[in-house]
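Below is one structure, written out as C-alpha cells; the observations come after it.
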Amino acid sequence: MSFTLATWNINSVRLREGLVSKLLSEEAPDVLCLQECKSPVDKIPLQAFADLGYPHMVAQGQKGYNGVAILSRLPLEEAGSRDFASLGHARHVAARLPNGVTVHNFYVPAGGDVPDREVNEKFGQKLDYLAEMRDTFHADRPERAILVGDLNIAPREDDVWDHKKLLKVVSHTPVEVEALGAVQDAGGWTDVTRADIPDGKLYSWWSYRAKDWDAADKGRRLDHVWATADIATAASDSRVLRTARGWEKPSDHAPVFARFDL
DNA sequence: ATGGTTGGAGCCCAA
C-alpha cells in the first residue's frame with residue numbers, strides 16, 4: 001500500500017478553509033496534517049473537507065491559538081495526544097493508519113524572540129518541550145511511525161537563507177539545533193525530506209513581513225517529515241509546494257509532501 | 001539598529 005502525506009501550518013483553518021480545500025482538490029494527499037488551526041475541534045469545517053473525500057479527522061484544538069489536526073481519505077484510529085512540557089496547549093495529536101503506521105503531528109512552540117531562557121520564558125518552554133519529546137521517544141522507541149509538523153527549527157545551514165546571520169535568531173540557534181537532533185536520535189527518526197533532497201537551499205516558511213517574499217527568498221525550513229528507520233527507505237517524492245505561499249491570503253508556511261510505498 | 005505583517009480575541013498578544 002502506498003500513500004502520500006502532507007504537512008502544513010495553515011495559520012487559522014477557518015480563515016483558510018478555501019486554501020485547504022484547494023490543496024486537497026489539486027494535490028490530493030491521502031493524509032494532510034495541519035498546525036496552527038487556531039480553532040476548537042468542533043468548529044473546524046470538517047464537512048467541507050469530507051465533501052472533498054476527507055471524512056476522517058483526529059484533532060486537538062483550543063480557542064484562538066495552536067491546534068493540530070490530521071485529515072485523511074483513509075480511516076484513522078486515534079493514537080493519543082500529549083501535553084509535552086505541561087503547557088496546556090494543543091500541540092500534538094497522533095493517529096494510526098489502516099496499514100499500522102502511526103502519524104505524529106506536532107506544533108513545537110515558536111520560542112519567542114530572545115534565545116535565552118533566563119530572560120524569555122517562551123524559549124525555555126520550547127527547550128523543555130523538545131526535551132520531553134526526546135525523553136518520550138527514548139522511553140518508548142517508535143516503530144513504523146512518521147513524525148511531521150511545524151517543529152519551528154531549521155537545523156541545517158542550507159535550511160536558512162543566511163546561516164551566519166541567523167545563528168542568534170530563534171529557530172536556528174545551536175542550542176535549538178542540538179535539542180532537535182536529540183529528539184531525532186532518541187526516536188531513531190530519519191529526516192525524510194533531506195534524505196530525498198540532500199543538497200541545496202530548501203525552505204518551507206517565509207515571513208509575512210518581507211515586501212516581496214518570493215524575490216527576497218529569506219526563508220527557513222521549519223516544517224519537517226520524519227520517519228522511523230524501518231519505513232524511511234519507503235519514502236520518496238519529497239517536495240515543498242512553494243506556490244502555495246503565493247496563493248491569495250496565504251499562510252506564511254508552504255506544505256511539505258512525501259510519498260510512502262509500504 | 002530597527003521595523004516590517006498577520007490572526008484572533010476583545011482594546012494586545014503570539015507568531
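Naming: A, B, ... by sequence-line order, numbering from 1 per chain.
Checked against B:dA9, B:dG7, B:dA15, the side chain of A:Leu15 finds its nearest nucleotide in B:dG7. For A:Arg209, the side-chain atoms get nearest to B:dG4 when compared with the rest of B:dG4, B:dG7, B:dA14. Distance from the side chain of A:Arg16 is smallest to B:dT6 among B:dA9, B:dT6, B:dA15. When the nucleotides B:dA15, B:dC13, B:dT5 are ranked by their closest atom to the side chain of A:Tyr208, B:dT5 comes out on top. Considering only the side chain of A:Lys63, B:dG10 comes nearest among B:dG10, B:dG7, B:dA15.
A straight line from CD of A:Gln35 to P of B:dG7 spans 17 Å, rounded to a whole angstrom. In this structure, A:Glu121 atom CD and B:dC13 atom C1' are separated by 14 Å, rounded to whole Å. Remark: P of B:dA14 and CD of A:Glu36 are 13 Å apart, rounded to the nearest angstrom. Rounded to an integer number of Å, the gap from CH2 of A:Trp206 to C1' of B:dG4 is 19 Å. Protein atom CD of A:Gln125 is 10 Å distant from nucleotide atom P of B:dA14, rounded to whole Å. In this structure, A:Tyr65 atom OH and B:dA15 atom C1' are separated by 10 Å, rounded to whole Å. With rounding to whole Å, A:Asp150 atom CG is found 15 Å from B:dG7 atom C1'. When the C1' atom of B:dA14 is taken as reference, atom CH2 of A:Trp205 falls 13 Å away, rounded to whole Å.
Between A:Arg73 and A:Asp30 there is a salt bridge, since a side-chain N of the basic residue sits under 4.0 Å from a carboxylate O of the acidic one. Remark: A:Arg194 engages A:Asp159 in a salt bridge, criterion side-chain N to carboxylate O under 4.0 Å.
Side-chain contact of A:Trp205 with A:Asp223: a donor-acceptor pair under 3.5 Å is absent, judged by distance alone. Checking A:Tyr129 against A:Asn152 by side-chain atom types alone, no donor-acceptor pair falls below 3.5 Å.
The nearest heavy atom of DNA chain B to A:Asn11 and to A:Asn66 marks one nucleotide each, and the one closer to the 5' end goes with A:Asn11. Comparing A:Tyr107 and A:Ala210, the nucleotide of DNA chain B nearest to each residue sits closer to the 5' end for A:Ala210.
Comparing the P positions of B:dA15 and B:dT2 gives a spacing of 23 Å, expressed to the nearest Å. Nucleotides B:dG4 and B:dA14 are separated by 16 Å at their C1' atoms, to the nearest Å. Distance check on atom C1': B:dG7 versus B:dC11 gives 15 Å, rounded to whole Å. A distance of about 16 Å separates the P atoms of B:dC13 and B:dA9, rounded to the whole Å.
A:Glu132 CD to A:His138 NE2: the interatomic distance, rounded to the nearest 0.5 Å, is 14.5 Å.
Taking only side-chain nitrogens and oxygens, A:Lys211 never comes nearer than 4.0 Å to OP1 or OP2 of B:dG4. Of the side-chain N and O atoms in A:Lys249, one or more sit less than 4.0 angstrom from OP1 or OP2 of B:dG7.
Counting non-hydrogen atoms under 4.0 angstrom, A:Arg245 reaches nothing in the nucleic acid.
A:Phe257 carries A:Arg239 over the face of its six-membered ring, with the cationic atom under 6.0 Å from the centre and within 45° of the normal.
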